[in-house]
Amino acid sequence: MSFAQWLCRRIGLDIRSAEYSYAPDPVLGFVSARKHAERWVNTTCGYCSVGCGMQVGVRNDRVVSVRGNPLHPVNLGKLCPKGLAEHYAIEAESRAHYPLLRKDGKLTRIGWEEAVDTLVERFRAVQRKHGPESLGVISTGQLVTEEFYTLGKLVQLGFGTRNYDGNTTLCMSTAVSGYKRSFGSDGPPGAYEDIERADVILLIGANMAENHPILCTRLEANKAKTLIVADPRVTKTAMLADIYLPVKPRSDLALINAILRILLDEDLYDKEFVAAHTTGLDELRASLAPYTLDYAAQVTGLDPALIRKVALLYANARAAFIGWTMGVNHSTKGTETVNAINNLALVTRNIGRAGAAPFSITGQCNAMGTREAGFTSGIPGYRKFESELDRAQIARLWNLPVERIPKERGLAYPDIIEAAVAGRIRALWIIGTNPLVSFPNVDVLRHALGNLDFLVVQDGFHPTPTTELADLVLPAAIWGEKEGTYTNSERRVSKVNAAVAPPAEARSDFAIFLSVSERLGVKDELFPDWSTTSDAFREWRIVSAGRLCDYSGMSYEAIESSGGIQWPYPQGAAKWEAPEPRRLYADGVFSTDDGRARLLPTAWAPFPEQPNREFPLILNTGRTVEHWHTRTKTGAISILQRMSPRAWLEMNPVDARRLGFKPHDHVDVVSARGRVNRVELRITEIVAPGQVFLPFHFAESNANQVTQSAFDPISREPNFKQCAVRVERSNGTPA
Ligand SMILES: Nc1nc2c(c(=O)[nH]1)N[C@H]1C(S)=C(S)[C@@H](COP(=O)(O)OP(=O)(O)OC[C@H]3O[C@@H](n4cnc5c(=O)[nH]c(N)nc54)[C@H](O)[C@@H]3O)O[C@H]1N2
Ligand SMILES: Nc1nc2c(c(=O)[nH]1)N[C@H]1C(S)=C(S)[C@@H](COP(=O)(O)OP(=O)(O)OC[C@H]3O[C@@H](n4cnc5c(=O)[nH]c(N)nc54)[C@H](O)[C@@H]3O)O[C@H]1N2
Ligand code: SF4
Ligand SMILES: [Mo]
């Protein structure tokens, strides 16, 4: 034990995180004064949707360290490697410092007034010439909820375009569509505590160990569980499993339907609950006819006895939890797969009870906030565009004529890009996302952006592959520099606070939206007297009142002092606040018109672009624990960069032998659309023969150069997890 550690223990500091702020100085060999915080600011992690509570250490108005908040109900003081190094992102050299406007082809520093004037004038000019819908806006899951709410109003009511969507359509739109179809509303119904209280946990396409690491502490705490993991890749999460199901890519739907068929055929379902609280049993039963054990075994590649064993485990569980992430959502059959998962939970009443939930684990720190605040696929507060009642209600709340409220959603993200290719979208505002790295089949996007009359990119970093193409770059404050709230996967609203001021002339997204509204002449109508995010929060509490995502009982102070509050939290909720975490649908009443959940027929089909002679391998793409998406943040943090410095391609030894590759060879990954150059080969049985895996974090080896333009017809989410490729030696000699 070092002296610093001994000291921390003596004075009762949390050793795990304190180690970080008391790191021995390499020169003095003693406690480093540079890292010694003068004060700690409570906030919430700005990476993933687990929503860990943390404290940011500040010294001389600079952020010097980070530690877990031991009192926060989500993580009790623990943080993962990204969280522990998050403060380094704030002072990265690659931060965006000044507004930049393209003049004579070059991005040139300008002042904020010129920046906001230019944005409004150019957007208005395009809209005058080509109609209001020729403007598109693409945002993110990484702003605070107050910013999402403000942006939605500004775009839809101020600029008058419905063509507003977010990177959440690359991520969560499938879960949203699936929940809406089954339960009548979006909203993950369970709580993290369910992971500790379930006796069967089924994780489908969710690599929790790398991507939601602190949730693994809940898995560990549950000693009585059987953990079943379905993933074609033997991930770190699969290695934790009691039963690992190496499903063939995108065969999950056949697996779930076979399980459902066993449950219905053998009367292993909750007849009373199904009769009282659902509709559609007969249609569901009929749709399951093809899913015999033999058929499912053939589609999934699993032993029929194993499928049966899993079905019986699930059926006989006291409480069963299904968690899923991108292995399900990133598919043209994603929404149907979510519906099949919901079917499974419904027929066994594994919903609304302790330990039991069909639980979509969210991705970004505030993907939930953008879903609640809406205006992309719904009206704020999970209201529906198509509902006359909902439109009338929101118009009343805003004191606007009901004609101003859109009757249907605008274009979804991939359709905005298509429309830009076709010349129907002529100006685009991109906020907090880096599509040049993250959008599938990225050449299409490049083409779309090249077609625009005017592109604005608002980002905390510059240059990024996307800001480099902008006509106007707006420098944004990031996590650590702004205030508001994030909602995590279990619907817990946590407080986000500024520890330091943004660098140079960067401004919070909220401040930028208000300036734009002022210049547009809509501030008095839409945001009267607003100056801080607490003003937006005040209105949001009223707008969300009575809805599933009810915030009306919350205040910044209450959120702060409890470490986070789960919605629904109506006014007066504090009185009936129990220690038990809150779950949706505990009373069996769902958000549909008749209060019943829908059992929905689904049908498995093979993924688009099957491997063929020219492209014989199936490419899977995803994440690693050290990096965050397109690495604008984690790529600038040396400790994380050193742990994972470059892209790699995982290939099974059987394929490597056949192709004559050795470990560490440099290879190119080629599809019908493009090529990823020079990635290092990892020969490993983590991937099955016929499959390869490439992380998508590295712009210089961009996986989305080869992925396909195939989208879920319901949610519009891309099929990121499968496409056909071949692998070649990088020096040009054919494999
Ligand atoms: N370290 C880190 N953590 C993150 C992020 C990050 O960038 N870095 N991003 C956050 C975000 S926004 C998100 S959305 C989440 C994503 O979290 P995850 O969904 O866990 O991440 P992925 O690695 O994209 O994909 C998950 C798994 O799906 C599997 N898969 C692929 N095809 C199939 C299939 O056909 N069936 C099944 N059952 N599984 C399949 C992959 O092999 C992979 O292991 O992570 C969040 N957390
Ligand atoms: N092949 C493949 N592609 C994928 C995936 C995959 O699994 N495989 N996963 C998909 C998924 S699930 C997701 S969520 C997307 C993520 O894709 P992106 O959204 O493109 O990824 P990020 O790197 O998180 O981009 C966020 C951007 O916002 C900036 N930023 C950070 N904080 C702020 C802020 O407060 N304000 C503003 N204005 N900017 C800020 C960052 O610098 C960064 O440029 O990628 C998708 N793409
Ligand atoms: S698990 Fe997620 S929220 Fe928690 S520290 Fe890691 S990245 Fe942040
Ligand atoms: Mo995501």
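Just so we're clear, the structure is a prediction, and the values are computed from it rather than from any experiment. Along the sequence shown, residues carry numbers from 1. Whatever order the structure lists ligands and atoms in, that order sets their numbers, starting from 1.
Between the side chains of Thr464 and Asp459, no donor-acceptor pair is found at a separation under 3.5 Å. A donor-acceptor contact closer than 3.5 angstrom links the side chains of Ser489 and Ser49. A donor atom on one side chain and an acceptor atom on the other are not found under 3.5 Å apart for Arg250 and Gln722. A donor-acceptor contact closer than 3.5 angstrom is absent between the side chains of Glu717 and Ser715. Asp712 and Ser331 share no side-chain donor-acceptor pair at under 3.5 Å.
Shown here is Glu560, whose CD atom has more than 12 heavy atoms of other residues, nucleotides or ligands within 6.0 Å.
With respect to the salt-bridge test (charged N to carboxylate O, under 4.0 angstrom), the residues Arg233 and Glu685 do not qualify. One finds a salt bridge joining Lys482 and Glu147 here, because a Lys/Arg side-chain nitrogen approaches an Asp/Glu carboxylate oxygen to under 4.0 Å. Salt-bridge annotation for Glu86 and Lys633: present, with a side-chain N of the basic residue lying under 4.0 Å from a carboxylate O of the acidic one. Under 4.0 Å is where a charged nitrogen must lie from a carboxylate oxygen, and between Arg646 and Glu680 at least one such pair does.
Taking CG from Leu84 and CG from Leu640, the interatomic distance works out to 9.5 Å, rounded to the nearest 0.5 Å. Taking CG of Asn343 as the reference point, atom CD1 of Ile341 lies at 10.0 Å (rounded to 0.5 Å).
Here is the list of ligand 1 atoms found below 4.0 Å of a heavy atom in Gly622: 23 (O), 24 (O). Which parts of ligand 1 touch Ile204 is read off a 4.0 Å heavy-atom cut-off, strictly below it: atoms 38 (N). Residue Pro249 has at least one heavy-atom neighbour below 4.0 Å for each of these atoms of ligand 1: 35 (O). Numbered from 1 in the order shown, with element, the atoms of ligand 1 that lie under 4.0 Å from a heavy atom of Pro232 read 30 (N), 32 (N), 33 (C), 34 (C), 36 (N), 37 (C), 39 (N), 40 (C). The distance from ligand 1 to the heavy atoms of Cys171 drops below 4.0 Å at these ligand atoms: 14 (S). Atoms of ligand 3 lying under 4.0 Å from any heavy atom of Pro213, numbered from 1 in the order shown and given with element: 1 (S).
Residues Phe148 and Thr140 have side chains in contact (heavy-atom distance under 4.5 Å, counting atoms from C-beta outward).
Ring geometry, Phe359 versus Phe321: the interplanar angle falls from 30° to 60°, so the pair is classed tilted. Using a 30° and 60° split on the angle between ring planes, Phe693 and Trp648 fall in the tilted class, from 30° to 60°.
Contacts with ligand 1 closer than 4.0 Å are made by backbone heavy atoms (N, CA, C, O) of Thr624 only, the side chain lying farther away. The proximity of Asn211 to ligand 1, defined as any non-hydrogen pair under 4.0 Å, involves the side chain as well as the backbone. Contacts with ligand 1 closer than 4.0 Å are made by no heavy atom of Met208, backbone or side chain. By the criterion of a heavy-atom distance under 4.0 Å, the side chain of Thr235, and not its backbone, is placed next to ligand 1.
Summarising the contacts of atom 39 (N) of ligand 1 with Ser251, Ser438, Gly205, Ala238, the nearest heavy atom is found in Gly205. The option from Asp252, Asp231, Leu640, Thr630 that lies nearest to atom 43 (C) of ligand 1, judged by heavy atoms, is Asp231.
Given atom 30 (N) of ligand 1, the protein heavy atom at minimum distance is Gly327 CA, 3.6 Å. Of all protein heavy atoms, the one lying nearest to atom 24 (O) of ligand 1 is Arg623 NH1, 2.7 Å. Protein heavy atom nearest atom 8 (N) of ligand 1, with residue, atom name and distance: His627 O, 2.6 Å. Counting only heavy atoms of the protein, atom 35 (O) of ligand 1 lies nearest to Arg250 N, 2.4 Å. For atom 13 (C) of ligand 1, the closest non-hydrogen atom of the protein is Gly363 CA, 3.3 Å. Residue, atom and distance of the protein heavy atom nearest to atom 25 (O) of ligand 1 are Lys721 CE, 3.3 Å.
Taking distance alone, with nitrogen or oxygen atoms compared against 3.5 Å, Met326 approaches ligand 1 more closely than that limit. Polar contact check, His629 against ligand 1: a nitrogen or oxygen pair lies under 3.5 Å apart. Here's the thing with Ala230: one of its N/O atoms is less than 3.5 angstrom from an N/O atom of ligand 1. No N or O atom of Thr621 sits closer than 3.5 Å to an N or O atom of ligand 1. For ligand 1, one of its N or O atoms has an N or O atom of Lys82 under 3.5 Å away.
Applying the ring pair (Phe, Tyr, Trp, His ring centres under 6.0 Å) test to Tyr179 and every residue at least two apart in sequence or in another chain returns Phe183, Trp324.
Distances from ligand 1 to the non-hydrogen atoms of His697 include at least one value under 4.0 Å. Heavy-atom separations between Gln722 and ligand 1 include at least one value shorter than 4.0 Å. Within the structure, ligand 1 lacks Asn329 among the residues with a heavy atom less than 4.0 angstrom away.
Sorted by chain and number, the protein atoms of type N, O or S within less than 2.8 Å of atom 8 (Fe) of ligand 3 are Cys45 SG.
Across Phe696, Tyr47, Phe461, a single residue satisfies ring-ring contact (aromatic ring centres under 6.0 Å, His included) together with Trp628, and that is Tyr47.
When all heavy atoms of Pro695 and Ala703 are compared, the pair lying nearest together is O-CB, 4.0 Å.
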